[in-house]
Protein chains: 2
Amino acid sequence: MPAPPAATPAAFIQQRNLVDQVADYLTQAIIGQRFAPGERLSEVQLARDLGVSRAPVREAARLLESRGLLVSQPRRGFFVRALDAGELADIFDLRLCLERHAMERLAGACPPEALAALRRQVEMLCEASGSGDESRRIEEDLAFHRLLIASAGNRRLLRTFEDLAHELRLCITLITKTHEAPDSIAESHHLLLDALASGDGPRCREAIDYHIGVARDSVVQSIEGARE
Amino acid sequence: MPAPPAATPAAFIQQRNLVDQVADYLTQAIIGQRFAPGERLSEVQLARDLGVSRAPVREAARLLESRGLLVSQPRRGFFVRALDAGELADIFDLRLCLERHAMERLAGACPPEALAALRRQVEMLCEASGSGDESRRIEEDLAFHRLLIASAGNRRLLRTFEDLAHELRLCITLITKTHEAPDSIAESHHLLLDALASGDGPRCREAIDYHIGVARDSVVQSIEGARE
DNA sequence: ACCGCTCAAACTGTCGACAGTCGTCAATCG
DNA sequence: CGATTGACGACTGTCGACAGTTTGAGCGGT
């Protein structure tokens, strides 16, 4: 979790309730693959490990369930979400749906300052990409797409994307290695910006279709490569 | 919530945990406007009223929060979600995004049995519309759109729509009266089916844009009419 | 009359405990 | 030897209680 610059300062200070802390811990542990996919999580053991009671653990687990990181079976408890190839395709298809919509809303009506902010974000992404810190690169990449969608001005759309982003992180952990060159990453994102700047609707659509397609293929390839 | 005929018998038995029961009660109470928008819900009072302890109430409230029916403020509790005009527009814009995507996926590749199922659903909708039971009409209408999206074959897309549907119910409660003629409802839905059957992509898009636009306008009009 | 302060009531966050349920594994029966 | 049953252990669902915080009413000062 990139510790977003806290839309409201209070939100950051208020982080001190156990439910959120446990949720953050679990999120990190899951996308950091410290729990195996499909693994059962025991409430009591988690509570013991974290030094808290079961109530916050249960509530945090419900939160993660709504975000698609855990699944619950009645009377059996919570399990780490295990994605099959079909679910993976669905996730990227929904991502395409959301980003297409944002691109379309933005095409031709993209405020210059939004474009500038997106350009800055690409730079941060390149920097992260060069740093060798893989998880930072992933977060900066997601931050770019988050910004893209936020620029469309629909907060509900943004919330849906943020929910989905948790599952995307889960997908991305499946990738063994990308080691894409920083130049290539910069270029693929600049293609999106250029399309936006041109104001050409179909071109925007084509650009985002290609971009998401590449991301999806790299995950699918990884998961199929790891199959045998 | 129409208590679906329990796809699997086991699912019917399992409904007996308090969290789900409390969640159902709260959902009904909220979309039935038995709580005012923005009203604060006291955990202890709800627990007393329902004859359960606070734990299931808290977990149910978190569930409803993830569905957008409640919002929580740390240390202050849960409040019934109050929608302003902007959020309302966002919700319908996301709905458009999702249904467009489904229509597009279906255009040209819609299995005949899916089309048949959609036709049957329109008939049920007409029947409900003629019955004068408003809440039943709403559920059948949502069921149609749910089926439309389900036909696209993306379960993640469907889940997103179902989450959104809860908020749509919240929107629809704002409408004082629709009393649309059953014939008109039938026709507006048949337009969608005809577009699908034609396999013409742009026509599909136009049809769904129009359909959602009408729904949005009727809600927006209602909320603005009720303003003064 | 208006504003700030104090304090009690109510509420949320968290905890530990109990009861019922599920999975496991050994003993039993065909 | 395979299938069934029963008991044991671990775990989830639920509960009541305590501590710290928020709220709102009452009070005193301006």
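Keep in mind the model is a prediction, meaning the values are calculated, not measured. Labels below follow one simple rule: chain letters A, B, ... track the order of the sequence lines, proteins then strands, and each chain is numbered from 1.
The phosphate of D/dT14 has neither OP1 nor OP2 within less than 4.0 Å of any side-chain N or O from B/S53. Close to D/dC11, at under 4.0 Å from its OP1 or OP2, lies no side-chain N or O of A/R76. In terms of phosphate contacts, A/R54 brings no side-chain nitrogen or oxygen within less than 4.0 Å of OP1 or OP2 of C/dG16.
Atom CG of B/D20 and atom P of D/dG13 are 10 Å apart (whole Å). The distance from atom CZ of B/R75 to atom C1' of D/dG20 is 7 Å, rounded to the nearest whole Å. The CG atom of B/L46 sits 16 Å away from the P atom of D/dT14 (whole-angstrom rounding). Rounded to whole Å, atom C1' of D/dC15 lies 15 Å from atom CG of B/L50. For A/E43 and C/dC18, the CD to P distance is 18 Å, given to the nearest whole Å. When the P atom of D/dT12 is taken as reference, atom CD of A/Q45 falls 10 Å away, rounded to whole Å. Atom CZ in B/R58 sits roughly 16 Å away from atom P in D/dG16 (whole-Å rounding). The CG-P distance, from B/L18 to C/dT21, rounds to 13 Å in whole Å.
Mapped onto DNA chain C by nearest heavy atom, B/A55 and B/V44 fall at different nucleotides, with B/V44 at the one closer to the 5' end. Annotation: of the two residues near DNA chain D, A/Q73 and B/R40, the 5′-most nearest-nucleotide partner is A/Q73.
The A/S42 side chain lies nearest to D/dC11 when the options are D/dC11, D/dC15, C/dC15. The nucleotide whose nearest atom lies closest to any side-chain atom of A/N17 is, among C/dG13, C/dC15, D/dC11, C/dG13.
Taking the charged nitrogens against the carboxylate oxygens, B/R137 and B/D133 have no contact shorter than 4.0 Å, which rules out a salt bridge. Salt bridge present: B/R146 and B/E162 bring a charged side-chain N and a carboxylate O closer than 4.0 Å.
With respect to A/S72, the side chain to side chain donor-acceptor pair (under 3.5 Å) criterion is satisfied by exactly one of A/R62, A/E65, A/R58: A/E65.
For B/A143, the side-chain contact (heavy atoms from CB on, under 4.5 Å) test picks out B/Q121, B/E140, with sequence neighbours left out.
At a threshold of 4.0 angstrom between heavy atoms, the contacts of B/L41 are confined to the sugar-phosphate backbone, with no base atom among them.
At a cut-off of 3.5 Å, with distance as the only test, no side-chain donor of B/N154 or B/H101 sits close to an acceptor on the other residue.
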